[in-house]
Peer 1: 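To start, I am sharing the structure in question, which I have written as structure tokens.
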2 protein chains.
Amino acid sequence: MYSKELLKGTLKTIILKLLSESDQMYGYQITQKVKEITEGKINLTEGALYPALHKLEADGLLSTEKIEVGNRVRKYYRLTQSGNNTAQEKVEELKEFMETLKSIINISPQKLAWSI
Amino acid sequence: MYSKELLKGTLKTIILKLLSESDQMYGYQITQKVKEITEGKINLTEGALYPALHKLEADGLLSTEKIEVGNRVRKYYRLTQSGNNTAQEKVEELKEFMETLKSIINISPQKLAWSI
DNA sequence: TTGTATGCATAAGAATATTATGTATATTTG
DNA sequence: CAAATATACATAATATTCTTATGCATACAA
């Protein structure tokens, strides 16, 4: 597990990306999926996930559907039209941000000194 | 400029990385350096930077030295021994985190469906 | 029957940022 | 030369977004 603070700000983008690649998903499934893809390196906590889902829904990016499975109810989320657009934007923004971060993380002493 | 929330959690690592590649730097210089390296894409705000620097100093990762320049005082920061170790760790952790994030961001519908 | 897994949700608290403000000197520009 | 911008530090109020803890409930395995 990584220092949790790194995850800050990326959670919504992760949710939107997963939903953009699948028809619909429910909360618990998202946590398991992320755990699986990242080989256990990222574990979403419920206290972070559910408020984030609710916020995305409130913002009109997700719609929900409750489906009974046995005696339990699952709440499925799917992207709205607006959510689909936002998903693409957020993912693109995250990619660019990571490239920019790399430019700092991979800087050499020479390049840094160049203009100090 | 990126959505600010992405920067959350990466600020300390950025500071430690810059200091690990230079002898010493002062706060304002760090903001300018980051702006230059990222071509204006990341602008550190003072309200975030100074508290972060103070925290790193309080944690024993940075030491300070005040130097008069003209009639003004600059507060230079440099890594302590402990800060140097932490810098390496944090940078490594950030790199690994970015790799992990990529595995989510670049996932294809097929791979995702594989185990839904 | 007791723990683990599944499934949702919220509340208290911590961490970390934004925005605004304050103080002060130096330099550039109209 | 006055005013704006740049340099340089700092903190307070507020917002956001997590963690941790708690609660409820069903299903299944040891």
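Lettering of chains follows the sequences in order, A, B, ..., and the numbering in each one begins at 1.
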Peer 1: Quickly, which of A:Ile42, A:Asn43, A:Leu49 forms a side chain to side chain contact (heavy atoms under 4.5 Å, CB included) with A:Val34? Name it, please.
Peer 2: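 Of the listed options, the one satisfying the test is A:Ile42.
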
Peer 1: First locate atom CD1 of B:Ile107, then atom CD1 of A:Ile14, and finally report the distance between them rounded to the nearest 0.5 Å.
Peer 2: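 Here the rounded value is 11.5 Å.
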
Peer 1: Quick one: B:Met25 CE to D:dC9 C1', roughly how many Å, whole number?
Peer 2: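 Computing the B:Met25:CE to D:dC9:C1' distance gives 16 Å.
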
Peer 1: To the nearest Å, how far apart are A:Arg74 CZ and C:dG7 P?
Peer 2: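 So the CZ-P distance, A:Arg74 to C:dG7, works out to 4 Å.
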
Peer 1: Using only heavy-atom distances, determine whether the side chains of B:Tyr76 and B:Arg78 contain a donor-acceptor pair under 3.5 Å.
Peer 2: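 No, because no side-chain N or O of B:Tyr76 sits under 3.5 Å from a partner of the opposite role on B:Arg78.
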
Peer 1: Between A:Leu62 (CG) and C:dC8 (C1'), how many Å, whole number?
Peer 2: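 In whole Å, C:dC8 C1' and A:Leu62 CG are 16 Å from each other.
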
Peer 1: Can you tell me the distance, in whole Å, between the CD atom of A:Glu68 and the P atom of C:dG7?
Peer 2: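 Answer to the nearest Å: 14 Å.
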
Peer 1: Calculate, to the nearest 0.5 Å, the distance between atoms OG1 and NE2 belonging to B:Thr64 and B:His54 respectively.
Peer 2: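 The NE2 atom of B:His54 is 9.0 Å from OG1 of B:Thr64, to the nearest 0.5 Å.
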
Peer 1: Check this one for me: any side-chain N or O of B:Lys66 less than 4.0 Å away from OP1 or OP2 of D:dA8?
Peer 2: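 Answer is no, no contact under 4.0 Å.
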
Peer 1: Please check if the side chain of B:Thr80 supplies one atom and the backbone of B:Gly60 the other of a donor-acceptor pair under 3.5 Å.
Peer 2: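 Yes; at least one donor-acceptor contact below 3.5 Å.
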
Peer 1: Among the candidates D:dT19, C:dC8, D:dC9, find the nucleotide nearest to the side-chain atoms of A:Tyr26.
Peer 2: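 Selected nucleotide (nearest to the side chain): C:dC8.
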
Peer 1: Indicate if A:Ile67 and A:Tyr26 have the same hydrophobic cluster label, given that clusters are the connected sets of ILVMFWY residues with side-chain heavy-atom separations under 4.5 angstrom.
Peer 2: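 Yes, it is one cluster - the side chains of A:Ile67 and A:Tyr26 are joined through contacts under 4.5 Å.
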
Peer 1: Residues from residues 46-59 of chain A sitting under 4.0 Å of DNA chain C, heavy atoms only?
Peer 2: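 A:Glu46, A:Gly47, A:Tyr50, A:Pro51, A:His54 - these, ordered by number, are the residues of the stretch whose heavy atoms sit under 4.0 Å from the strand.
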
Peer 1: Closest to the A:Lys12 side chain: C:dA9, D:dT19, D:dT17?
Peer 2: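 Out of C:dA9, D:dT19, D:dT17, the nucleotide with an atom closest to A:Lys12's side chain is D:dT17.
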
Peer 1: For B:Leu79 and B:Leu16, run side-chain contact (heavy atoms from CB on, under 4.5 Å): C-alpha distance rounded to whole Å, both residues' side-chain angles, the deciding distance at 0.1 Å, then the answer.
Peer 2: CA-CA 8 Å; B:Leu79 292 180; B:Leu16 291 172; 3.6 Å; yes

Peer 1: Hey, are A:Lys95 and A:Glu99 close enough for a salt bridge, meaning a charged N less than 4.0 Å from a carboxylate O?
Peer 2: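 Here A:Lys95 does not pair with A:Glu99 in a salt bridge, since their nearest N and O are not under 4.0 Å apart.
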
Peer 1: Which pair of heavy atoms, one from B:Gly27 and one from B:Leu53, lies closest together, and at what distance?
Peer 2: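 Taking every non-hydrogen atom into account, CA-CD1, 4.1 Å.
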
Peer 1: What is the distance from CD of B:Glu65 to C1' of D:dC9, rounded to the nearest Å?
Peer 2: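 Between C1' of D:dC9 and CD of B:Glu65: 17 Å.
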
Peer 1: Protein-nucleotides 27-30 of chain D N/O pairs closer than 3.5 Å?
Peer 2:
from, atom 1, to, atom 2, distance (Å)
D:dA27, OP1, A:Asn71, N, 3.4
D:dA27, OP1, A:Asn71, ND2, 3.3

Peer 1: So, is B:Lys75 close to the D:dA10 phosphate, meaning a side-chain N or O under 4.0 Å from OP1 or OP2?
Peer 2: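 Looking at the OP1 and OP2 atoms of D:dA10, one of them is under 4.0 Å from a side-chain N or O of B:Lys75.
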
